[in-house]
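Some notes on the structure that comes next.
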2 protein chains.
Amino acid sequence: MDSAVARERALDAAEELFYGRGIQAVGMDDVRGASGVSLKRLYQLFPAKEQLVEAYLERRDGRWRGRLAAYVEREQDPGARVLAVFDWLERWFGEEGFRGCAWINSYGELGATSERVAAQVRAHKRAFADYLTSLVTAAGHPAALAGPLFLLAEGAMVTAGITGSTRPAAQAREAARSLLAAR
Amino acid sequence: MDSAVARERALDAAEELFYGRGIQAVGMDDVRGASGVSLKRLYQLFPAKEQLVEAYLERRDGRWRGRLAAYVEREQDPGARVLAVFDWLERWFGEEGFRGCAWINSYGELGATSERVAAQVRAHKRAFADYLTSLVTAAGHPAALAGPLFLLAEGAMVTAGITGSTRPAAQAREAARSLLAAR
DNA sequence: CACTGCGGAGAACGCACGTTCTCTCTTACT
DNA sequence: AGTAAGAGAGAACGTGCGTTCTCCGCAGTG
């Protein structure tokens with residue numbers, strides 16, 4: 001098996017397991033079992049579990065923001081694009097196997113022990129906040145409105161994760177609409 | 001040492017360690033070392049680590065909501081009380097050793113593996129949401145406004161935990177004010 | 001003074017898991 | 001064909017930790 005393929009398979013398995021069960025609850029042997037990539041190969045690709053975790057978060061970050069952007073950019077109107085973020089959240093929350101925000105969960109689990117994981121989480125959240133800011137200003141709103149919208153989105157993610165409901169997305173969207181209209 | 005005293009000391013140590021480092025990163029032996037309560041006694045009081053975790057979350061829940069309510073109730077005006085919640089969050093975020101919301105962190109760590117922990121987290125969040133609702137309706141606002149305020153508060157907790165800043169509280173407070181005024 | 005029973009210190013046990021090693025087999029090059 | 005490099009399976013190793021057990025001292029009671 002090609003190295004690049006093995007890497008993808010390992011990351012596919014790691015993502016499913018880490019996200020679904022939590023990072024510490026998943027052993028390297030579980031990743032091997034689910035991916036079909038031998039332990040030897042796993043350790044060639046990722047010298048330690050922490051690096052596999054980092055790679056998992058990094059790859060997921062790219063995909064997550066890519067999916068969000070792809071959905072948002074189907075809207076032509078800049079004002080609608082801001083609200084489309086919350087529509088996308090609602091879809092995401094409703095997906096089979098949704099278990100909250102991977103970065104918030106990882107931070108709760110490893111933020112205190114792994115500086116590299118903490119840095120990944122901060123980078124992801126900063127990137128999301130920056131993206132929101134760009135949408136808000138593109139729609140002609142003051143950039144200061146992006147902060148509250150970010151908090152609404154984060155609150156919705158956490159709450160949807162804990163309660164298993166998609167409703168927080170709609171609530172957040174409605175509140176965002178109200179904030180944008182209040183000027 | 002009296003049993004009740006030992007229990008309190010064990011919970012004091014458990015709370016400081018679990019909250020500060022994460023639950024899985026703390027061993028029962030660490031709790032013994034920090035509390036001075038012997039392992040034998042610990043296991044008499046809490047038959048397994050999971051029960052110690054449960055008791056930690058439960059006691060913290062009572063204290064956390066008690067501190068919040070005590071702060072909020074110093075305000076006489078029902079309208080001011082709603083916003084006082086966010087002022088209190090700001091104080092909390094600024095406390096030495098603040099590391100985000102204990103329940104959100106615990107959920108990220110153990111929500112997928114321990115149903116009892118997950119239930120504690122849901123109960124705590126429900127209680128907080130109910131409290132917010134009571135404040136909102138007492139101030140004459142429609143109860144539906146409590147949902148968005150809850151999301152703002154949750155988003156602020158998560159963001160303050162990850163970034164280490166108290167600013168999310170002020171942002172959330174301002175957004176809450178705006179939502180309440182929009183009526 | 002014996003005896004009983006509880007408490008503490010910490011050793012011991014069993015298991016899980018991160019990481020490495022061994023053995024065997026394939027494969028590609030000379 | 002012979003051989004060297006690499007891959008996979010899985011055993012092995014070391015450690016950490018949840019939980020239990022052993023041993024010893026000390027209090028209170030007859």
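A, B, ... follow the sequence lines: proteins, then strands. Residue 1 opens every chain. The analysis underlying the following values was restricted to heavy atoms, covering all of them including side chains, and did not include hydrogens, waters or symmetry mates.
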On DNA chain D, more 5' by nearest nucleotide between B/K40 and B/A48 is B/A48

Regarding B/K49, tell me which of base, sugar-phosphate or nothing describes its non-hydrogen contacts under 4.0 Å with the strands shown. sugar-phosphate

Does any N or O in the side chain of B/S178 come within less than 3.5 Å of the main-chain N or O of B/E174, such that one atom is a donor and the other an acceptor? no

Figure out the CZ/P separation between A/F46 and C/dT19, and round it to whole Å. 13 Å

Spacing of B/M28 atom CE relative to D/dG16 atom C1', expressed in whole Å: 15 Å

Applying a 4.0 Å non-hydrogen cut-off, can you work out what A/V31 is touching in the nucleic acid: base, sugar-phosphate, or nothing? nothing

By nearest-nucleotide position on DNA chain C, the 5'-leaning member of A/L39 and A/D30 is A/D30

Of C/dT19, D/dA9, D/dT19, the nucleotide closest to the side chain of A/S38 is D/dA9

Could you tell me the separation between the CE atom of A/M157 and the CZ atom of A/F128, rounded to the nearest 0.5 Å? 4.0 Å

Please check this pair: side chain of A/T159 against backbone of A/A156, looking for a donor-acceptor N/O pair closer than 3.5 Å. no

So, the side chain of B/E109 versus the backbone of B/Q24: is there a donor-acceptor pair under 3.5 Å, distance only? yes

Rounded to whole Å, the CD1-C1' distance (A/I23 to C/dG18) equals 15 Å

Atom-to-atom span, CD of B/Q51 to P of D/dG18 - whole angstrom: 14 Å

Any donor and acceptor pair, going by atom type alone, linking the side chain of B/R32 with main-chain N or O of B/S38 inside 3.5 Å? no

Spell out yes or no: do the side chain of A/R32 and the base of D/dG8 have one donor N/O and one acceptor N/O closer than 3.5 Å? no

Rounding to an integer number of Å, can you tell me how far B/D29 CG sits from C/dA9 P? 11 Å

Expressed as a whole number of angstroms, how long is the span from A/L45:CG to D/dG6:C1'? 14 Å

So if I take every side-chain heavy atom of B/R41 and compare against C/dG8, D/dA9, D/dA11, which nucleotide ends up nearest? C/dG8

Less than 4.0 angstrom between a side-chain N/O of A/Q44 and OP1 or OP2 of D/dG6, yes or no? no

